[in-house]
Amino acid sequence: KSGPLAKGQEKVSTITVSPDGRKVFAQTPAGAVAIDIANPSVQSTLALANDKDKPFEYYHVPVAAPASDLMVFADFTSKANQGHLWGYTSNQQIWSASGTLLPQPVLGANGRVYYIQDGSLQARKYDQLGAGEVIASDANLNATSNLVMDGADNIYFWNNGYLHGYAADGNPLFARIPLTSEVQERKSQTVEGPEQFLRLMMGPDGTLWANNRNGDSLFAFKPAYAPADLTLQPKDIKSRTAYRTEGKLTVGGVSIEANKQALFQAQNGIGFASGFKVEKGASLMARTGF
């Protein structure tokens, strides 16, 4: 198949592999396509449709959900400022949402899909019926980039020269940060910020990467962590959470319980107090330096 901007029936989205590694999914003009990797002849195509809603001509990368081989498909049109979101398994539709043009959605570790539609940040369970929940709406919220997410289910996106960040519950992480493309003079050097339309990527250390539309510049926004030194107590430990500091990280008599996952990262070292333990079935990664 040819690329995502190809014509007619040969148009196909970027493919996504299911979490169990057994199937690949893609969106085509015919609908959602699921192909068995071990036996490619076992292929199913489901028409993406809901009443009068039909797929549009541009496709985002499908998002893989953690169970039931469910995929989240998203498509949009630039002509009418409209977009769709679809939740499908390889044999049935679970839910759909339609509204204004939407950026590529993200899926959190909490099982919720996050997306911007109709001027608001919305969330919904990836495998359940029902409407999405509006968790943030700020002066007709919009995005001119894809959405990205860190390990704590925080959502970041770019909109017309501003960087936005929201927690999983919809509370803003910071006041929107202006990072415009205006040319500034710094020590006789010309510095130009990122453009309006960006492709974002979240690095494993929390750094946010952005490329310019014309492809001649790459930007990296490195997070700052406060305070410089951090001490963790048992009450501070939550599952699927990264604890980072630019100084030294001191871990008290903490127990990482079974089925919990944590990341400890510090620029200047990590110290573990007496009583620290990792129980069977837990996962811990400790890393020094950035």
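We're numbering straight along the sequence, starting at 1.
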For [X] and [Y], work out which heavy atoms get closest and say how close.
X	Y	result
K23	D36	CG-CA, 4.3 Å
S255	E279	OG-OE2, 3.2 Å
A167	I155	O-CD1, 4.0 Å
P19	A64	CD-CB, 4.1 Å

Which atom pairs, one a donor and one an acceptor, fall under 3.5 Å between side chains of residues 99-114 and the rest of the protein, sequence neighbours left out?
unit_1 : atom_1 : unit_2 : atom_2 : d
T100   : OG1    : D118   : N      : 2.7
Q104   : OE1    : R199   : NH1    : 3.2
Q104   : OE1    : R199   : NH2    : 3.2
N110   : OD1    : R112   : N      : 3.1
N110   : ND2    : Y114   : OH     : 3.0
R112   : NH2    : E133   : OE1    : 2.5
Y114   : OH     : A168   : O      : 3.1

Indicate yes or no: at least one non-hydrogen side-chain atom of [X] is less than 4.5 angstrom from one of [Y].
X	Y	value
P66	Y126	yes
T16	V63	no
Y115	Q122	yes
W95	L85	yes
Y59	F73	no
L263	R287	yes

ILVMFWY cluster, L218 and V148 together (side-chain gap under 4.5 Å):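 In one cluster with L218: V148, no.
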
field: Step-by-step side-chain hydrogen bond (donor to acceptor under 3.5 Å, both in side chains) determination, Q82 to T77
entry: CA-CA 6 Å; Q82 293 293 305; T77 177; over 6 Å; no

Residues which pass ring pair (Phe, Tyr, Trp, His ring centres under 6.0 Å) with H84, listed by chain and number, not counting sequence neighbours: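 For H84 the ring pair (Phe, Tyr, Trp, His ring centres under 6.0 Å) partners, ignoring immediate neighbours, are F56, W86.
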
query: V24: which other cluster members, linking ILVMFWY side chains closer than 4.5 Å, directly or transitively?
result: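 ILVMFWY cluster around V24 also holds I15, V17, V33, I35, I37.
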
- request: Carefully, step by step, assess F264 and I256 under the rule side chain to side chain contact (heavy atoms under 4.5 Å, CB included).
  value: CA-CA 12 Å; F264 297 159; I256 309 298; 4.2 Å; yes

field: F272 and F276 aromatic ring geometry - parallel, tilted or perpendicular at 30°/60° bounds
entry: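 F276 and F272: tilted rings.
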
field: K248, NZ: over 12 other non-hydrogen atoms inside 6.0 angstrom
entry: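 It does not: K248 NZ has 12 such atoms or fewer within range.
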
query: Can you tell me how far CZ of R124 sits from CG of L129, rounded to the nearest 0.5 angstrom?
result: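 Reported to 0.5 Å precision, the distance equals 8.5 Å.
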
